[in-house]
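Values below: every heavy atom of this structure, side chains too, minus hydrogens, waters and symmetry copies.
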Amino acid sequence: MALTPAAVDLLGPYLARQRWYAGAGEPDARSVRLLESDALGEAAGGRRLVWAIVEVDGLRYQLLLGDAPTGDGTDAGDGTDAPAAAVLGTVGGRRLYDAVVDPELMLLFFDRLTGSAATRVRLMGAEQSNTSLVYDEQVIVKLYRRPAEGANPEIEVTSALASAGFDHVAEPVATWRSGGVDLAFAQRFLAGGSEGWALAVSSAAEFIGGGADDAAAAPGDFAAESEELGRMTAGLHLALADAFGVDEEALAGSWGAFVDDLERRTTAGSARDTGAAADGPAGEPDAFAAALVGGLDRLRAVRHPGPAIRLHGDYHLGQVMRAGGRWYALDFEGEPARSLEERTSRSSVAKDTSGMLRSIDYAARYALREAGDPPAGGGAEGAAERAGEWERRNRTAFLNGYLGTPGVEALMAGTREADAVLAAFELDKALYELRYEEAYRPDWVAIPREAIGRIVRRLGSPGAGG
């Protein structure tokens, strides 16, 4: 069943309200082009589930729409009781609305996707580029709102890891594809799981605001979990290398350009700072500049930055979950703003590990910002020192778990150069964070700015470790 031209005219305002719409403002109706549509089934009351792919300014979007006869609004479930924000409008005596708010239509969708029945469904919170639904607290279905040609990295990687026996991913249940495009993915739902970010922030906050003399003695010490997370990450990288292969020379060929880019961005970032040097305290720009020169020299002296493998690509505490006493890695889709080619390219394992280390630092600094009044007698300076202690303890624990995993050294640069390579990718990540915070959260700029200073000092200090 194709959507009528009048129905297509309703899509522009609907798209403009969605978080996953990449455009700025409401698209012109003439720029919304229907590529495909079909009726997936019918529920009680004459409600139909309609699937569609539309294109706006060269980008594709996937829609699931409810198509219901209009009534007097008293018949629950006829589509007229959908939240106002989910309603597109009325055409030819039928109301169009976002079907994800209609449980019966979403149960019908689950049957179409998996070939099995579910009895309950709930819609998860708003997401940037997908819509997720949980069925019977056992299966989670992710609907890709911006589908791209070719295999979706999340489906490709998760399926390959599960097939290889890596049991720290939620097992695939079903995949929905059409015309070579991945549209939806069903996996086991990790019921009762806790996101790594929430666990880390809670631990950091407890130490910063508590009375323990050191982080190891704090009731919510996170170091054991950090070390286990490091081991899981190493296992993930070994499994990815087995599943997708290892390129020994790809990174070596691009290393010089990568270092040049770090120099350009670091210099630009420090030039944008006013009133404070990039390494934190005002009045130290000369020290920062000297450390940067030494650090760049150290990076350019790297003989071989190590092999390149397929990675998670967007690895941080929000992409891991603790469930059933173990860690799971989530969401292998990569950064949605990047091209499919970028998201599937190989790079150093240090890209993933540096992402997690930066996330650990952010957890400590976020907890510090949210702490409010510092511990009695400690003052703001003492609270900051405690945040730093928590970060260092968990950084060390994560690296101990990662580096202590047999076989992972083969995926890294040589022993003498591994620290420098890791610091380079940490700097790369912190520079990305700086630009992000400048654009969207200027109150947070100090977090990546201070991190850039620490990383540069570490790189530029003779005999410094990573």
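Residues S359 and W197 have side chains that never bring a donor and an acceptor to within less than 3.5 angstrom of each other. A side-chain donor from one of E333 and N130 sits under 3.5 Å from a side-chain acceptor of the other. Judged by distance alone, the side chains of E154 and Y144 do bring a donor and an acceptor atom under 3.5 Å apart. Residues S203 and D221 bring no donor and acceptor atom of their side chains to less than 3.5 Å of each other. Between the side chains of T131 and R145, at least one donor N or O sits under 3.5 Å from an acceptor N or O. A donor atom on one side chain and an acceptor atom on the other are not found under 3.5 Å apart for S354 and Y315.
When all heavy atoms of L411 and V246 are compared, the closest pair comes out as CD2-CG2, 4.3 Å.
Side-chain contact between W327 and R322 is present, with at least one heavy-atom pair separated by less than 4.5 Å. With a 4.5 Å cut-off on side-chain heavy atoms, V139 and F110 count as touching. Residues W176 and L183 are in side-chain contact: their nearest non-hydrogen atoms beyond the backbone lie under 4.5 Å apart. No side-chain heavy atom of Y328 sits less than 4.5 Å from a side-chain heavy atom of M232. In this structure, the side chains of R265 and D428 come closer than 4.5 Å at one or more pairs of heavy atoms. A 4.5 Å side-chain heavy-atom check between L422 and L399 finds at least one atom pair inside the cut-off. D260 places none of its side-chain heavy atoms less than 4.5 Å from the side chain of L296. Taking 4.5 Å as the limit, some side-chain heavy atom of K142 sits within range of a side-chain heavy atom of D331.
Using a cut-off of 4.0 Å between Lys/Arg side-chain N and Asp/Glu carboxylate O, R326 and E228 are scored as not salt-bridged. Between R393 and E389, no side-chain nitrogen of the basic residue sits less than 4.0 Å from a carboxylate oxygen of the acidic one, so the salt-bridge criterion is not met. Salt-bridge annotation for R458 and E426: present, with a side-chain N of the basic residue lying under 4.0 Å from a carboxylate O of the acidic one. With salt bridges taken as basic N to acidic carboxylate O contacts below 4.0 Å, none links E391 and R454.
Around CZ of F244, the count of heavy atoms belonging to other residues, nucleotides or ligands within 6.0 Å exceeds 12.
Between Y135 atom OH and I140 atom CD1 the span is 10.5 Å, to the nearest 0.5 Å.
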